[in-house]
Trainee: 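Okay, here's the structure, questions in a sec.
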Amino acid sequence: MVQLHVKRGDESQFLYATTVDAPLETVIQQVTAIYNGRLKVDRLCSEIPELADHGVTLPPNMQGLTEEQIVDLRLQDEWEDKCVPSGGPVLRKDEIGRRNGHAPNDKMKEVLMRTVEEAKALISKKQAQANVCVTMEMVKEALDQLRGAVMIVYPMGLPPHDPIRMEFEDQEDLSGTQASLQVITEDECQLWWAAKEMQRGKKLQDYIGKNEKTKLVVKIQKKGQGAPAREPVITEEQQKQMMMHYHRRQEELKKLEEADDDSHLDSEWSDRQALRKQFQGLTNIKWGPR
């Protein structure tokens, strides 16, 4: 199997396994789906803790208003009595006025938080360090885990305007958000390797040959952004190791230089002619007046 280490810029994303015979059209489609799927899981894992802390999202026309303003405007949340967490709600006011403050109890909160950690671990960037390839099945499993946990805590479901429900139903509106800049659609996705764009219509073997044991780093980015920066010749970790080796070598040379002291050559015990001089009575001779 060919292993692609997918990066966005200099940031590692995931490992993807394929074959040299795979059409690049298929590779790009699958890599894009996994990439965007991981972003969806990340967004859910950021939103669900808010659900656990402060309950479901208020209707858009009530968000950000104070209680006095809601009373004055005679606004009513029709979903407050419908979307009640299992075991009853616990009042935890949302200071920014985005959620209704009817949070799940501690037991239900634990269900949500534990599932979030499990889902994050399943599609984590650390999987690349562990040499584990991420598949679309793993992304779907993470989404199913999150969906199941939300259904356990909110068996009656979430309001249609809640971003978590919108994510599960693929109805999320990311316009005007930082998250929208991260998403790459299949049509605008490009894969780059060795400063070359891997063109659709070709196969992977057209670029890397027929060796199925090849491992390579590919960059994913949007069409029209030009060639991404090339990978450094050595990695950051390799550079650290080289600097450590250089430092150790310098210390060793310093110690050898300090130990290379030849002043002992002037000592009597180091004189090779000392024994002969003693027999000839030439020791302890001094010049000059006594």
Side-chain angles (χ1 to χ4, degrees), residues 13-14 32-65 70 75-125 134-185:
Q13 298 294 322
F14 57 91
T32 307
I34 294 172
Y35 173 79
N36 290 326
R38 290 179 67 255
L39 291 178
K40 179 184 284 288
V41 173
D42 283 338
R43 292 194 299 270
L44 283 165
C45 289
S46 297
E47 198 67 54
I48 288 178
E50 295 295 319
L51 176 70
D53 285 336
H54 303 296
V56 300
T57 306
L58 289 167
N61 64 339
M62 294 177 63
Q63 293 182 22
L65 300 180
I70 292 175
L75 300 177
Q76 184 69 32
D77 182 5
E78 61 177 309
W79 298 96
E80 182 176 320
D81 297 330
K82 299 177 183 179
C83 303
V84 179
S86 298
V90 177
L91 293 179
R92 296 195 190 99
K93 184 178 178 181
D94 184 4
E95 296 298 331
I96 63 174
R98 184 166 174 258
R99 295 182 173 272
N100 66 7
H102 293 209
N105 59 36
D106 290 342
K107 184 178 179 180
M108 293 294 101
K109 179 179 179 179
E110 175 61 24
V111 171
L112 291 173
M113 299 307 294
R114 183 174 64 251
T115 306
V116 164
E117 293 303 318
E118 292 173 355
K120 288 167 67 175
L122 197 58
I123 53 90
S124 171
K125 294 176 181 178
V134 176
T135 64
M136 197 59 208
E137 286 70 26
M138 294 168 67
V139 174
K140 291 178 179 177
E141 182 181 348
L143 290 171
D144 289 341
Q145 289 178 352
L146 295 172
R147 183 182 290 107
V150 172
M151 289 180 63
I152 290 172
V153 180
Y154 286 91
M156 301 301 293
L158 299 176
H161 55 266
D162 194 291
I164 296 174
R165 175 172 169 176
M166 295 174 72
E167 288 281 2
F168 285 139
E169 296 177 353
D170 294 329
Q171 300 294 325
E172 66 273 17
D173 182 12
L174 303 178
S175 57
T177 66
Q178 184 67 27
S180 67
L181 302 178
Q182 298 177 312
V183 175
I184 302 178
T185 64

Trainee: Where the side chain of N36 meets the backbone of I184, is there a donor-acceptor pair that is under 3.5 Å apart?
Mentor: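 Present.
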Trainee: Only distances under 3.5 Å count here; give the side-chain donor-acceptor pairs of residues 80-91 to other protein atoms, sequence neighbours excluded, each with its distance to 0.1 Å.
Mentor:
{"residue": "S86", "atom": "OG", "partner": "I152", "partner atom": "O", "Å": "2.9"}
{"residue": "S86", "atom": "OG", "partner": "V153", "partner atom": "O", "Å": "3.4"}

Trainee: Checking R165 side chain against L158 main chain: does a donor-acceptor pair fall under 3.5 Å?
Mentor: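 Yes, R165 side chain to L158 backbone: donor-acceptor pair under 3.5 Å.
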Trainee: For residues R92 and P104, report the shortest heavy-atom separation together with the two atoms involved.
Mentor: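 So the two residues come closest at NH1-O, 3.1 Å.
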Trainee: Measuring from atom CD of E47 to atom CG of L44, what distance do you get when rounded to the nearest 0.5 angstrom?
Mentor: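 Going from the CD atom of E47 to the CG atom of L44 covers 8.5 Å.
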Trainee: Kindly determine whether E50 and R98 satisfy salt bridge (charged side-chain N to carboxylate O under 4.0 Å, His left out), including the steps that lead there.
Mentor: CA-CA 10 Å; E50 295 295 319; R98 184 166 174 258; 5.4 Å; no
Trainee: State whether the side chain of H161 and the backbone N or O of P60 hold a donor-acceptor pair below 3.5 Å, judged by distance alone.
Mentor: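 The answer is no, because no donor-acceptor pair under 3.5 Å joins these two groups.
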Trainee: For the residue pair L65 and L75, what are the closest heavy atoms and their distance?
Mentor: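 So the two residues come closest at CD1-CD1, 3.6 Å.
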Trainee: Check the pair D53 / R99 against salt bridge (charged side-chain N to carboxylate O under 4.0 Å, His left out), numbers first and verdict last.
Mentor: CA-CA 9 Å; D53 285 336; R99 295 182 173 272; over 6 Å; no
Trainee: Which pair of heavy atoms, one from Q182 and one from Y35, lies closest together, and at what distance?
Mentor: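 Where Q182 meets Y35 most closely, the heavy atoms are O-OH, 2.8 Å.
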Trainee: Please output the side-chain donor-acceptor pairs of residues 139-151 that fall under 3.5 Å, not counting sequence neighbours, one pair per line with the distance.
Mentor:
{"residue": "D144", "atom": "OD1", "partner": "R147", "partner atom": "NH1", "Å": "2.9"}

Trainee: More than 12 non-hydrogen atoms from neighbouring residues, nucleotides or ligands closer than 6.0 Å to CE on M136, yes or no?
Mentor: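 Counting neighbours around CE of M136, more than 12 heavy atoms of other residues, nucleotides or ligands fall under 6.0 Å, so yes.
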Trainee: Taking C-beta and beyond as the side chain, do P163 and E172 meet within less than 4.5 Å on heavy atoms?
Mentor: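 With C-beta onward as the side chain, the pair stays apart.
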Trainee: What is the distance from atom OG of S46 to atom NZ of K120, rounded to the nearest 0.5 Å?
Mentor: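 So the gap between those two atoms works out to 7.0 Å.
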Trainee: Roughly how far apart are M113 CE and I48 CD1, rounded to 0.5 Å?
Mentor: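 Rounded to the nearest 0.5 Å, the CE-CD1 separation comes to 9.0 Å.
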Trainee: Find out whether N105 and M108 are in side-chain contact, i.e. whether some heavy atom of one side chain is under 4.5 Å from a heavy atom of the other.
Mentor: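 Counting from C-beta outward, N105 and M108 do come under 4.5 Å.
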Trainee: Once you round to the nearest 0.5 Å, how far does CZ of R38 lie from SG of C45?
Mentor: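 SG of C45 is found 11.0 Å from CZ of R38.
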Trainee: Please report the interatomic distance CD(Q63) to CG(L58), rounded to the nearest 0.5 Å.
Mentor: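 Rounded to the nearest 0.5 Å, the CD-CG separation comes out at 6.0 Å.
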Trainee: Would you find more than 12 non-hydrogen atoms of other residues, nucleotides or ligands less than 6.0 Å from Q178 atom CD?
Mentor: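 For Q178, atom CD is not crowded (no more than 12 foreign heavy atoms under 6.0 Å).
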Trainee: Do you know the tightest heavy-atom contact between K109 and A52?
Mentor: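 Scanning both residues completely, I find the closest heavy atoms to be CG-CB, 3.7 Å.
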Trainee: Please report the interatomic distance CG(L122) to CD(E117), rounded to the nearest 0.5 Å.
Mentor: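 Separation between the atoms: 13.0 Å.
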Trainee: Counting distance only, does the side-chain N/O of R43 pair as donor-acceptor with the main-chain N or O of I164 below 3.5 Å?
Mentor: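 No; zero donor-acceptor contacts below 3.5 Å.
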Trainee: Between G55 and Y154, which heavy-atom pair has the shortest distance, and what is it?
Mentor: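 The answer is CA-OH, 3.6 Å.
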Trainee: Within the 4.5 Å heavy-atom criterion, are H54 and K93 side-chain neighbours or not?
Mentor: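 When only atoms from C-beta onward are counted, K93 and H54 do not touch, as no gap falls below 4.5 Å.
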Trainee: Going by the rule side chain to side chain contact (heavy atoms under 4.5 Å, CB included), which residues pair with S180 if we only count those two or more places apart in sequence or in a different chain?
Mentor: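 Result, side chain to side chain contact (heavy atoms under 4.5 Å, CB included) vs S180: L174, T177.
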